[in-house]
Amino acid sequence: MTSPWPTEAPTSADRAAFADAERRPYWPQTLPPREPHAALEQVIECDLCIIGGGYTGLWAALYAKEQAPWRSVVILEGVRCGAGASTRNGGFLQYSLTHGIENGRVRFPDEIRTIERLGTRNYEELSVDLDCYGIDAEFEPNGELAVAVSPVQVGQLRETATLLEEFGQRAELMDQDQMRAEVHSPLYLGGLWQQSGAAMVNPAKLADGLRQAALAAGVQIFEHSRVHRLRRTGVAVAAVTDAGVAHAAGVLLATSAYEPLVPAVRRYVAPVYDYALMTEPLNQSQVDSIGWKRRQGLGDSGNQFHYYRRSADDRILWGGYDAVYRYGGPVGPDLDDDETTFARLSSNFFTNFPQLEGVRFTHRWGGAIDTCSRFSVFFGRALGGRVVYALGYTGLGVGASRFGGRTALDLLDDRQTEATGLELVRRRPVPFPPEPLRSAVIQFTRNRIAAADRTGRRGIWLRTLDRAGLGFDS
Ligand SMILES: Cc1cc2nc3c(=O)[nH]c(=O)nc-3n(C[C@H](O)[C@H](O)[C@H](O)COP(=O)(O)OP(=O)(O)OC[C@H]3O[C@@H](n4cnc5c(N)ncnc54)[C@H](O)[C@@H]3O)c2cc1C
């Protein structure tokens, strides 16, 4: 056995730790309350209609106004801006556009140097944008620390370190003693601290700051305005909601894992649920007991991995491990809660930090991830090219969504850039098979991934998928 995670059922103490937790994301409660923007209840015309008010849509709106301040830009958001993954995530802001350098190198070997350079530029510009737009997203550029919890992972971290350095990132390998001195867990066998190109943010403050910046730039926002249908109307496209219609010269779709408005998207995206727990604020002796003074984002290095971080008020967010795909790929508020997954997360948390026994979780939530087979954002066009979409970040979109939103707008405006010429932007992922095969393949793959973590060996099925350039991740 190479995995340190318990195989026995979670205990009653593991379950009690999250029993009273609020069933909603923690992050929005760090924002001041605000009234929703009015819903669309009339027929309007605009130059650009953006559907979806998460990071992708909001970055695209800001960029549209930077490019042409006179252009009329409207956002139609089905719930509230940031209601999707953008206020549910861990707040790990990574420079990588390809879900990590290893994945990018395998899938785009001829252009990985350019992609890495564009990713670094996107990360740097994003941090400048936060200053320019006055967005206080609790940006902490402390890097990301990948920990090894099995001997196999120690070797993998060494390879990643070499790769990161080759591509110009600063990375420091830690042996078992150094790692345990940095963050106190009896499970750690080593670590890799990526010191550049990685920061932590408060996800809700980022989304809300972008919303406010977009408003200030003159973007019009409608909330509780779910678009049901898109249709061609001469030179324009009509986006139809319950009570209104927006006629736009161009439409940018930023709807992530939600029900696609363009049928082709369904082939490429499998909505996979990821879950997280947030502890109560730790007291001083609990904080002292874990070390972790440099507040990096942490993640273990298995195929099924946990990600965890400290919040501004010294809670710990602990998420990941199980990625849950359900038949047909439904997305909705009733799926935000999953008792079995929370129990497993709680049990693993106390295995990782036994000194925190007795700590309670105050929040529990889940969110849908727009998983695609290459793990990185892809783009496409519909309705004669007047609609462009960007999605598929597969759980690493906090930073990449700025690139995604801006590149989608460049495509819509027919602006040639270094990015729009890349295979990364022009090529779409290998599609998932339709149901019922889709569920069967995904569940079998998840089963094999769990086995690989237990045994340290990738079996025939995973190696075949690797060779075919196919994957499944959260
Ligand atoms: C639990 C979890 C943890 C994660 N952790 C990280 C992390 O630490 N680091 C990282 O880089 N990434 C992480 N991610 C991924 C990251 O959050 C996403 O990649 C990113 O937020 C995607 O932004 P988006 O704007 O494309 O999508 P979303 O934020 O999901 O926005 C899509 C919006 O479109 C709206 N919408 C959908 N359909 C319609 C319609 N028909 N009409 C109108 N509006 C519509 C939705 O209401 C939603 O607000 C995580 C995701 C989850 C779920």
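Remember, it's 1-based here, ligands and their atoms both numbered in the order they're listed. Because the structure is a prediction, the values reported are computed rather than measured. Counting begins at 1 with the first residue of the sequence.
In terms of polar-atom proximity, defined here as any N/O pair under 3.5 Å, G78 does make such a contact with ligand 1. Considering backbone and side-chain N/O of D370, none are found under 3.5 Å from N/O of ligand 1. Any N or O atom pair closer than 3.5 Å counts here, and V79 shares no such pair with ligand 1. Polar contact with ligand 1: present for N89 (N/O pair, distance under 3.5 Å). Looking at A85 next to ligand 1, an N or O pair under 3.5 Å apart turns up. For the pair S86 and ligand 1, the shortest N or O to N or O distance falls below 3.5 Å. Polar contact check, A368 against ligand 1: no nitrogen or oxygen pair lies under 3.5 Å apart.
Using modelled atom types and a 3.5 Å distance limit, the side chains of Y273 and D322 yield no donor-acceptor pair.
When heavy-atom distances to ligand 1 are checked against a 4.0 Å cut-off, R226 comes that close through both its backbone and its side chain. The backbone and the side chain of Y55 each have at least one atom closer than 4.0 Å to an atom of ligand 1 (non-hydrogen atoms only). Neither the backbone nor the side chain of L58 has any atom closer than 4.0 Å to an atom of ligand 1 (non-hydrogen atoms only). Counting heavy atoms under 4.0 Å from ligand 1, residue A254 touches it through the backbone alone. Counting heavy atoms closer than 4.0 Å to ligand 1, residue I369 contributes side-chain atoms (C-beta onward) but none from N, CA, C or O. With a 4.0 Å heavy-atom cut-off, ligand 1 is reached by the side chain of I51 but not by its N, CA, C or O. The part of Y307 lying near ligand 1 is the side chain, judged by heavy-atom distances below 4.0 Å. With a 4.0 Å heavy-atom cut-off, ligand 1 is reached by the side chain of Y393 but not by its N, CA, C or O.
The aromatic ring centroids of F349 and F361 lie less than 6.0 Å from each other.
Ring geometry for H306 versus W5: interplanar angle over 60°, hence perpendicular rather than tilted (30 to 60°).
Counting only residues at least two apart or in different chains, salt bridge (Lys or Arg N to Asp or Glu O under 4.0 Å) contacts with residues 35-47 are absent.
By the side-chain contact (heavy atoms from CB on, under 4.5 Å) test, Q156 pairs with V152, Q153, sequence neighbours left out.
Among G395, G84, A239, S401, the residue whose heavy atom lies closest to atom 12 (N) of ligand 1 is G395. With L93, I50, T56 as candidates, the residue nearest to atom 25 (O) of ligand 1 on a non-hydrogen basis is T56.
No donor-acceptor pair closer than 3.5 Å links the side chain of N122 to the backbone N or O of R402.
Contact annotation: L391 has no heavy atom less than 4.0 Å from any atom of ligand 1.
The CD atom of Q296 sits 8.5 Å away from atom CD of Q195, with the distance rounded to the nearest 0.5 Å.
Considering only non-hydrogen protein atoms, atom 49 (O) of ligand 1 sits nearest to E77 OE1, 2.8 Å. Nearest protein heavy-atom neighbour of atom 19 (O) of ligand 1: G397 CA, 3.1 Å.
By the 4.0 Å N-to-carboxylate-O rule, D410 lies too far from R406 to be salt-bridged with it.
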